[in-house]
Structure formats: C-alpha cells, structure tokens
There are 2 protein chains.
Amino acid sequence: MATTTAAQQRARAKMEYDAFLAACPSRKLLDRISDKWVTLILAALGSGPDCAGDPRPMRYSELSRLLASVSQKMLTQTLRALERDGLISRTVEPTVPVTVTYELTPLGLSLHAMMRGLKLWAQDHMDEVLAHRAAYDG
Amino acid sequence: MATTTAAQQRARAKMEYDAFLAACPSRKLLDRISDKWVTLILAALGSGPDCAGDPRPMRYSELSRLLASVSQKMLTQTLRALERDGLISRTVEPTVPVTVTYELTPLGLSLHAMMRGLKLWAQDHMDEVLAHRAAYDG
DNA sequence: CAGTATCCAGCTAGATACTG
DNA sequence: CAGTATCTAGCTGGATACTG
C-alpha cells in the first residue's frame with residue numbers, strides 16, 4: 001500500500017508530459033497556426049487576394065469577401081486572436097461608418113515567411129502523399 | 001425573379017472557395033500536420049525520445065510510453081493515418097507476442113526536416129508572441 | 001504486445017438575429 | 001461597416017472494456 005502502483009506512475013507520467021507540452025514553444029506555435037482561418041488570414045494579408053502578391057492591409061469586409069465561407073463570428077474571433085498575439089495590427093479610422101483595416105506586423109510578416117516553407121513542401125510532396133493514400137485505400 | 005439574388009451569389013462564392021480549399025495542397029498539408037499527435041509522433045520517430053537525436057524505428061509500446069498522455073485509440077488512429085499517407089512504415093515481426101515497429105519513410109523524413117523550420121521559428125519568436133498576449137490581456 | 005470496439009461528454013463551428 | 005450575442009448540432013477525443 002505504501003508503494004506507488006503502476007496506475008499511479010502512469011498518471012504521473014501523463015501529467016509530466018502534459019506539462020512539458022504546455023511549456024513547449026513548438027506546440028504553442030502549432031496550436032496557433034493549426035487553425036484553419038488563421039492560416040488563410042495570414043496568407044491573405046501576406047500575399048494579397050491572389051496569394052501571389054505583396055503584403056498589404058485589408059479591411060474587414062474585404063477579408064470577409066475573400067474568405068467567402070468564413071462566418072462573421074470566426075472571422076472576428078480569429079482576427080482578435082491574431083491581434084492579441086501581435087501578429088496583425090488593427091486600425092480604426094473614425095469615418096462614418098467606421099473603417100477598420102488589418103495588417104501584418106513585422107512579427108506576423110516573419111511568420112508568413114516561415115509558412116512559405118510549408119507551402120513549398122506541400123507543393124513538392126503532397127502529390128506523393130495523395131498517391132500513397134489512394135494506393136492504401138485501394 | 002430570373003436574376004440571381006445577392007444571397008445566391010454569396011452561396012456560390014462560398015462553394016467555389018470551399019472547392020478551392022479542398023484542392024489546395026497547402027491546406028491538405030495543414031490538415032495533416034495540425035493534428036496534435038501527428039506532430040508528436042513525427043518528432044519522436046525523427047529525433048528520438050529526447051527530441052534531439054537521430055531518426056530511429058520505435059515500437060508501439062515505446063511510443064505509447066513516450067507520448068504518455070496519448071490514448072490507445074488516438075495512437076493507433078494516428079499511426080494508421082501516417083502509414084496511409086506514406087509518411088511512416090509499419091513492420092510486423094511474427095514473434096510471440098508480435099513485435100511491431102514504426103519508422104519514418106524518406107517522405108516522412110523530409111516532412112520532419114521541414115518541421116524543423118517551424119520549430120526554429122517557434123524558438124525564436126514565441127516569446128514575443130507570448131509577451132504580446134500578456135500585454136493584450138493586462 | 002498491439003491492438004479493436006463502444007459509448008459518451010465537451011468543445012466548437014456555424015447559423016441566426018441584432019446593433020452602434 | 002464592422003461587429004456582438006445566443007443557441008445548438010456534430011464531431012472528436014478520452015475512458016473503458018475486451019482480444020488474437
């Protein structure tokens with residue numbers, strides 16, 4: 001009774017591992033960029049509407065039109081999260097009605113540049129992944 | 001009545017955008033790596049238990065111990081998905097009881113190398129993100 | 001050892017309606 | 001224009017129990 005059981009040791013290992021994950025920078029980054037709308041907003045602000053231009057500010061409504069299937073709730077929520085993390089800046093011009101523009105910060109720009117490596121890998125290798133997938137299923 | 005309404009045009013834009021996303025290689029890649037356990041298994045097989053060594057095969061039970069808080073269901077499910085995509089290979093040795101080892105394929109190794117860029121960005125910049133987050137909340 | 005099968009609670013994305 | 005508020009259905013991950 002005084003010794004720890006195997007179940008207790010497993011529980012402790014889980015807690016330690018979860019703590020490790022909570023502190024891991026890579027995990028935190030993944031948690032942020034693994035959101036569907038985060039990556040799409042970063043791409044829009046970083047490469048323009050056609051995904052092949054230069055970074056430029058965009059208005060809420062422009063983003064809403066571009067990411068056609070995003071709900072207002074998710075667009076606002078995602079923009080707030082990115083602003084909170086210092087990845088984009090939000091600028092309100094006191095016109096009537098108000099004009100709000102979003103723009104990548106230098107930090108956001110840096111993240112966008114990193115994402116290009118990911119995009120390149122996808123372009124180079126996803127065909128192969130898809131082929132494996134089809135072969136496995138067949 | 002014969003002309004398309006604004007609502008219909010929006011619905012069409014959404015469908016087109018969803019179709020674009022479904023075909024986008026980057027999106028497919030993100031869909032795969034944004035899974036919590038996928039990245040952890042890739043890291044384990046690609047860098048060893050300490051996340052700083054060389055790629056090496058690992059057994060099911062070894063992965064299970066290392067990723068202490070993964071459930072059997074998710075471990076098996078994730079390993080199957082990675083095998084399906086040609087990112088890892090599964091080898092069964094007919095011992096009693098059976099021995100199963102998992103190993104990164106060249107394709108998986110290539111993905112693991114790409115993920116290192118992500119890890120580097122995280123190490124270099126997540127502090128800044130976290131600082132922004134704290135400032136925004138305070 | 002390396003899984004499979006089943007059930008269920010919790011979270012979240014989306015739809016909808018409303019507003020300064 | 002650029003949001004906020006609320007409700008809910010559906011998916012997913014975890015717990016649990018069982019097996020060749």
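Numbers restart at 1 for each chain; the letters A, B, ... are given by sequence-line order, proteins then strands.
- With hydrogens and angles ignored, the 3.5 Å screen pairs no side-chain donor or acceptor of B/T99 with any backbone N or O of B/E93.
- Taking only side-chain nitrogens and oxygens, A/T76 never comes nearer than 4.0 Å to OP1 or OP2 of D/dG3.
- In terms of polar N and O atoms assigned as donor or acceptor, the side chain of A/K73 comes within less than 3.5 Å of the base of C/dA13 in a complementary pairing.
- Spacing between atom CG of A/L75 and atom P of D/dT4 amounts to 11 Å, rounded to whole angstrom units.
- Atom CG of A/D31 is separated from atom P of C/dC11 by 16 Å (rounded to the nearest Å).
- A straight line from CH2 of A/W37 to P of C/dA13 spans 10 Å, rounded to a whole angstrom.
- In terms of position on DNA chain C, the residue among B/Y60 and A/Q77 whose nearest nucleotide sits closer to the 5' end is B/Y60.
- The nucleotide C/dG20 finds its pairing partner in D/dC1, both defining distances of the Watson-Crick or G-U wobble pair being shorter than 3.5 Å.
- Relative to the side chain of B/R80, the nucleotides C/dG3, D/dA2, C/dA2 differ in distance, and C/dG3 lies closest.
- Nucleotide C/dA2 holds its C1' atom 14 Å from the CD atom of B/E83, rounded to whole Å.
- For B/E62 and A/P97, each mapped to the nucleotide of DNA chain C holding its nearest heavy atom, the one lying further toward the 5' end belongs to B/E62.
- B/S71 has no side-chain polar atom (N or O) that falls below the 4.0 Å cut-off from OP1 or OP2 of D/dA15.
- Side-chain atoms of A/L67 and B/Y17, non-hydrogen and from C-beta on, do get closer than 4.5 Å to each other.
- Residues A/K14 and A/R59 both approach DNA chain D. Their nearest nucleotides, taken by heavy-atom distance, put A/R59 toward the 5′ side.
- The base-pairing partner of C/dA13, taking Watson-Crick or G-U wobble contacts with both distances under 3.5 Å, is D/dT8.
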